Amino acid sequence: MTIRRLPPELVSRIAAGEVVERPASAVKELVENAVDAGARAIEIQADGGGLTRILVADDGLGLGPAELPLAVERHATSKLAAGVDGEFDLLRISTLGFRGEALPSIGSVARLSIAARRPGEAAHAILVEGGAVGAVAPSAFAGPHGARVEVRDLFYATPARLKFMKSERAEAMAIADEVKRQAMAHAEVAFSLDIDGRRALRLPAEARGEAGRLARLSAILGAEFAGNALAIDQTRDEVRLVGHAGVPTFNRGNGAHQYLFVNGRPVRDRLLQGALRAAYADFLARDRHPVAALYLELDPTLVDVNVHPAKAEVRFRDAALVRGLIVGALRHALAGAGHRASTTVASEALAGFRPGPSPAGFSAWSMGGWTPATRSPGLPGVAEISARFEAAPDALYGVAEPGAPAAFDPIDFPLGAARAQLHETYIVAQTRDGVVIVDQHAAHERLVYERMKEGMAAGGVPRQALLMPQVVELDPAEAERVASRAGELADLGLVLEAFGPGAVLVRETPAALGDADAGGLVRDIADDLAENGSALALKERLEHVAATMACHGSVRAGRRLTAPEMNALLRQMEATPHSGQCNHGRPTYVELKLADIERLFGRR
């Protein structure tokens, strides 16, 4: 087959297809150019799903008349700085749109106009249609400085691409999602978005730092995010992670609300998904997903941002370090949350109440299953249940010596003082400003599980030797990967070793797994190592066994408790990390503020 040189205009259109996949891609490139230009306010308009018209205007440094032709020329960029030797360093990228491909790529497949003004200079404009560059001419650009980039008839020069576009509504939603990601990445910049002439987004500039970032995240993810977000700020080997992650009970049905930013660049990376899954594995069911926005800050030489033409993906020099930092920081924040649960739990509970008149003859005392705490002495099961709690001073439970005044009123504890037990399943406690309802089984299940995990961490995972060591056949690369983590796996109770170029020999398995399928377990671990860099499969199986054992060893629903037992459970919850949710991510308690209850009865 004869080799032929392609015409320049076709080369440009091929390059454009790599950079500009859809209207949202064009918006991303133009917004990043504005941020790199130092803009503090960016206005975006999109009509017809962005295919008819896109406008991005900013108040950045702008462009001079001599720079406009270079801005639409391929392989010309302001994003790379030359060193003292005149060489460009492609490994140290400190800007967002460094490739210098966006404007010429867009101009090769659309009608592109750029009007700009540098501070103190006259405004000029340039027009590009289907790759044909016009002359620079004076412009009526209104701002004191900045740029106004308008894209019309996107992909008119490549009609085949138009056939693969989604509906205008879908493309408009993709644009809105992209603008939100950029706004989360740059809280100090004001953003506005209009779609088909209708206001879609208005975000004022926020102050730099954690408070401003949280305000911007709340404006995008919802006002309730601020009340349910855990602050993240950890550094490891000069790699810093900041941001916010939701408490486990503040979760979603998919991973759409998980965001990762690397040096101010929004990226989509499987590393984040795997790290979040590992960090929240103890707290969420597999079909629930946490909400998080995490920001990585590291030396540009430690991350390759040139692995994807549209810069949507990055590659870390030390992916294991980054993943470990994310998992460790999230677990530290979750541990610091203590027994805290989502604020939305109470609002969802209150939404279920319907105030109205009581039925004739109704009496709370005549209904079955309501046990006042004062009637609890003498009920069966006291010794059996009390033995499950660690020994603690009576003062911790609000119990004073006979004849002595209480040193501390138990209603001043975070979860208050137990007042009653409903249906032998739910503990009702009173706090200074509200009421707490606790699911006794779910709460004690979490307490038992946390104790079991502490025991496993302190004494290691008990192992059982196989009567006949089992050979597990794997791909040579998988076998090498698994064998290289033999030490880590042994700590988890799985003892294996390399057995030739494409197999491993399993000698011992975790005793808690019983008669485990060693082959299936090792293959799952190999998949986890390939995808996430750690053996999640084994950890999850052990945690599942521990969770199951904790479930069966907990105070069951239907068990009548005494007042000291109920107060003991409340104090244990306050002292135990993660006690605000059970092992499946459901809340263990609901707190109703007195003000909310009063509103139910029209007192407020």
Side-chain angles (χ1 to χ4, degrees), residues 274-275 277-286 320 323-324 327-328 330-331 334-335 388 390 444-554 576-578 582-584:
R277 175 187 168 194
Y280 282 82
D282 271 5
F283 317 111
L284 292 179
R286 296 185 69 89
R323 186 183 183 282
V327 174
L330 287 171
R331 286 182 173 171
L334 290 170
R388 292 192 175 117
E390 296 176 2
H444 197 230
E445 179 183 356
R446 168 57 73 177
L447 300 182
V448 173
Y449 180 43
E450 290 298 327
R451 282 200 212 101
M452 291 183 66
K453 287 200 304 179
E454 290 176 3
M456 291 169 61
V461 178
R463 304 193 294 245
Q464 58 185 2
L466 299 181
L467 292 177
M468 291 291 294
Q470 183 173 343
V471 177
V472 182
E473 300 287 343
L474 297 169
D475 177 87
E478 292 178 335
E480 182 180 356
R481 193 179 295 121
V482 171
S484 68
R485 308 297 281 269
E488 174 188 339
L489 296 175
D491 292 338
L492 294 172
L494 182 65
V495 177
L496 52 78
E497 60 191 53
F499 193 75
V504 295
L505 184 68
V506 180
R507 295 189 178 277
E508 298 178 53
T509 59
L513 296 183
D515 188 13
D517 175 11
L521 177 59
V522 170
R523 293 186 188 93
D524 286 346
I525 291 171
D527 292 340
D528 278 337
L529 290 175
E531 182 175 354
N532 304 307
S534 70
L536 293 178
L538 182 54
K539 292 180 182 178
E540 288 183 349
R541 291 196 186 191
L542 288 172
E543 288 165 356
H544 176 72
V545 171
T548 302
M549 294 169 64
C551 180
H552 288 285
S554 303
T576 303
H578 321 307
C582 73
N583 306 338
H584 314 291

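Remember, it's a predicted structure, so these values are computed and weren't measured experimentally. The chain is numbered in sequence order, starting from 1.
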Review point. If every non-hydrogen atom of Tyr280 is compared with every non-hydrogen atom of Leu334, which pair is closest and at what distance?
Key: CE2-CD2, 3.9 Å
Distance-only criterion, 3.5 Å: show the donor-acceptor pairs between side-chain atoms of residues 468-478 and protein atoms not counting sequence neighbours.
from   : atom 1 : to     : atom 2 : distance (Å)
Asp475 : OD2    : Ala477 : N      : 2.9
Glu478 : OE1    : Asp475 : N      : 3.3

Review point. Between Ala278 and Arg323, which heavy-atom pair has the shortest distance, and what is it?
Key: CB-NH2, 3.3 Å
**Study point:** Pair listing, salt bridge (Lys or Arg N to Asp or Glu O under 4.0 Å) test, anchored in residues 492-510, at least two apart
**Key:** Arg463-Glu508, Glu497-Arg507
Revision key, fill the gap. Only residue of Val522, Val495, Leu521 satisfying side-chain contact (heavy atoms from CB on, under 4.5 Å) with Val506 is Val522
Exercise for review: Enter the distance from Leu489:CG to Thr509:OG1 here, rounded to the nearest 0.5 Å.
Suggested key: 12.5 Å
Exercise for review: Over all heavy atoms of both residues, which pair between Ala503 and Ala479 is shortest? Give the atoms and the distance, please.
Suggested key: N-CB, 3.7 Å
